Amino acid sequence: MAAKKLRRARLSQELCERLSRHHITTCQDFLCLSLLELMKVTGQSYYDVQKLLCKVSRACAPKMQTAYEMKLRKSANPSSAFLSTTLHSLDKVLHGGVPCGSLTEITSPPGCGKTQFCIMVSVLATLPISMGGLDGAVIYIDTESAFSAERLIEIAGNRFPTYFDSDEKLSCMTSSIHLYRELTCGSVLKRIMSLEEEIISKKVKLIIIDSVASVVRKEFDTKLQGNLAERSNFLARGASVLKYLAEEFSIPV
């Protein structure tokens with residue numbers, strides 16, 4: 001949760017802008033600085049900086065909840081806990097569909113349809129809640145240049161012909177899917193780190209990365225000394241931020 005933007009920690013806009021000029025934009029950036037460094041960049045007293053540290057720490061610390069509270073929240077509206085894949089057998093195995101609020105990894109040998117499945121789930125997330133969708137936007141990070149807008153429209157029309165019965169509805173659906181082509185580990189991580197405000201502003205209900213394995217394979221040869229540690233660091237940092245986003249906004253990733 002240290003990746004949370006300082007704007008969401010309820011600091012004043014003026015202070016956030018001042019910190020941003022020093023490239024301090026997240027709670028982690030803020031909390032990694034010493035008291036003296038914070039006094040210098042904020043222009044505030046030792047006492048005021050201590051209060052700011054407490055405020056930012058509380059904003060990014062996970063809130064305590066009991067197992068009973070978690071159970072109550074999920075049982076109150078079971079349908080909101082999953083995004084149905086509309087494939088009955090798969091939903092049964094997944095106990096309802098793709099879970100909201102957590103990470104889901106899809107693995108298989110090449111050519112089995114992982115990208116097609118991701119495109120189909122993108123369509124499902126844009127559907128109204130009454131149709132089992134999430135009525136929101138999608139962020140789709142494509143690392144293999146495999147995403148096809150034509151295939152997206154084809155899947156939507158074939159699976160839901162009565163709903164997508166006009167160019168207007170198809171246009172609205174495609175406008176809700178925000179595609180980013182990121183071809184390196186660095187650019188993928190940078191994009192992940194910037195998603196929080198975009199989730200809020202665009203009402204994003206689903207994040208897809210297709211695929212993490214692709215960029216990792218291209219950049220890290222585990223036979224070379226040091227590469228295994230770098231790869232593990234990249235995967236750990238990316239997973240940590242994605243887990244925070246999934247839990248903070250209760251969306252499937």
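Atom set for the values below is all heavy atoms of this structure, side chains included, hydrogens, waters and symmetry mates excluded. Keep in mind that what you see is a predicted model, and the values were worked out from it rather than measured.
Taking CD1 of Ile209 as the reference point, atom CD of Glu105 lies at 11.0 Å (rounded to 0.5 Å). Note that CD of Glu198 is 3.0 Å distant from OH of Tyr180, once rounded to the nearest 0.5 Å. With values rounded to the nearest 0.5 angstrom, Leu11 atom CG is found 5.5 Å from Lys55 atom NZ. Atom CD in Glu197 sits 11.5 Å away from atom NZ in Lys202 (nearest 0.5 Å). Taken from OG1 in Thr26 to CZ in Arg7, the straight-line distance is 12.0 Å, to the nearest 0.5 Å. Atom CG of Leu6 sits about 13.0 Å away from atom CD of Gln13, to the nearest 0.5 Å.
Here the closest heavy-atom approach between residue Ile199 and residue Ile251 is recorded as CD1-CD1, 4.2 Å. Residues Cys60 and Leu31 come closest through the heavy atom pair SG-CD1, 3.7 Å. Taking all atoms of both residues into account, the shortest heavy-atom contact from Ser176 to Gly136 is CB-O, 4.3 Å. Here the closest non-hydrogen pair linking Thr104 and Pro99 is OG1-CD, 3.5 Å. Minimum interatomic distance between Asp91 and Gly97 (heavy atoms only, all atoms of both residues): OD1-CA, 3.4 Å. Closest heavy-atom contact between Leu170 and Ala156: CD2-CB, 4.2 Å.
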Review item, side-chain donor-acceptor pairs of residues 121-128, under 3.5 Å, at least two apart:
{"unit_1": "Ser122", "atom_1": "OG", "unit_2": "Cys118", "atom_2": "O", "d": "2.9"}
{"unit_1": "Thr126", "atom_1": "OG1", "unit_2": "Val123", "atom_2": "O", "d": "2.7"}

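Under a 4.0 Å N-O distance rule, the pair Glu17/Arg21 does not qualify as a salt bridge.
With hydrogens and angles ignored, the 3.5 Å screen pairs no side-chain donor or acceptor of Asn233 with any backbone N or O of Ala229.
The number of heavy atoms from other shown groups lying within 6.0 Å of CZ (Arg10) does not exceed 12. Around the NZ atom of Lys218, the shell of radius 6.0 Å holds more than 12 heavy atoms that belong to other residues, nucleotides or ligands. Within 6.0 Å of the CG atom in Asn158, the count of heavy atoms belonging to other residues, nucleotides or ligands exceeds 12. The 12-atom threshold is not exceeded at NZ of Lys243, counting heavy atoms of other residues, nucleotides or ligands nearer than 6.0 Å.
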Report task. Apply side-chain contact (heavy atoms from CB on, under 4.5 Å) to the pair Leu94 and Leu90, showing each step before the final yes or no. Result -> CA-CA 6 Å; Leu94 295 173; Leu90 183 56; 3.9 Å; yes

Query raised in the report: After noting the C-alpha distance and the side-chain angles of Leu15 and Gln44, does the key distance pass the side-chain contact (heavy atoms from CB on, under 4.5 Å) rule?
Result: CA-CA 10 Å; Leu15 179 57; Gln44 298 193 21; 4.1 Å; yes

Query - Stepwise side-chain contact (heavy atoms from CB on, under 4.5 Å) test for Val138 and His178 - result: CA-CA 6 Å; Val138 177; His178 307 278; over 6 Å; no

**Report entry** Audit row: Cys27, Val56, side-chain contact (heavy atoms from CB on, under 4.5 Å) steps and yes/no
**Finding:** CA-CA 6 Å; Cys27 292; Val56 173; 3.8 Å; yes

Requested in this report: Take Ser171 and Glu168 through the side chain to side chain donor-acceptor pair (under 3.5 Å) test and state the conclusion after the steps.
Outcome: CA-CA 5 Å; Ser171 176; Glu168 184 181 355; over 6 Å; no

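Using modelled atom types, one finds no donor on one side chain facing an acceptor on the other under 3.5 Å when comparing Arg18 with Thr42. The closest side-chain donor-acceptor pair between Ser211 and Ser214, if any, does not fall under 3.5 angstrom.
Two residues are said to be in side-chain contact when any heavy atoms from C-beta on lie closer than 4.5 Å; Arg181 and Ser145 meet this criterion. Here the side chains of Lys190 and Ser194 are not in contact, with every heavy-atom distance at 4.5 Å or above. At a threshold of 4.5 Å between non-hydrogen side-chain atoms, the residues Asp135 and Lys205 do not count as touching. Residues Tyr46 and Leu36 form no side-chain contact, since every pair of their non-hydrogen atoms from C-beta on lies 4.5 Å or further apart. Between Glu196 and Val241 there is no side-chain heavy-atom pair separated by less than 4.5 Å. Ser187 places none of its side-chain heavy atoms less than 4.5 Å from the side chain of Thr143. Using a 4.5 Å heavy-atom cutoff, the side chains of Leu179 and Asp142 are in contact. In this structure, the side chains of Ile139 and Ile208 stay at 4.5 Å or more apart for every pair of heavy atoms.
With sequence neighbours left out, the side-chain hydrogen bond (donor to acceptor under 3.5 Å, both in side chains) criterion links Arg151 to Gln116, Glu154.
Residues in residues 117-155 take part in these ring-ring contact (aromatic ring centres under 6.0 Å, His included) pairs, two or more places apart or across chains: Tyr140-Phe147.
Checking each of Val49, Leu53, Leu38 against Leu33 for a side chain to side chain contact (heavy atoms under 4.5 Å, CB included) leaves exactly one that passes, namely Leu38.
Residues Ile153 and Phe164 share a hydrophobic cluster, clusters being chains of Ile/Leu/Val/Met/Phe/Trp/Tyr side chains in contact below 4.5 Å.
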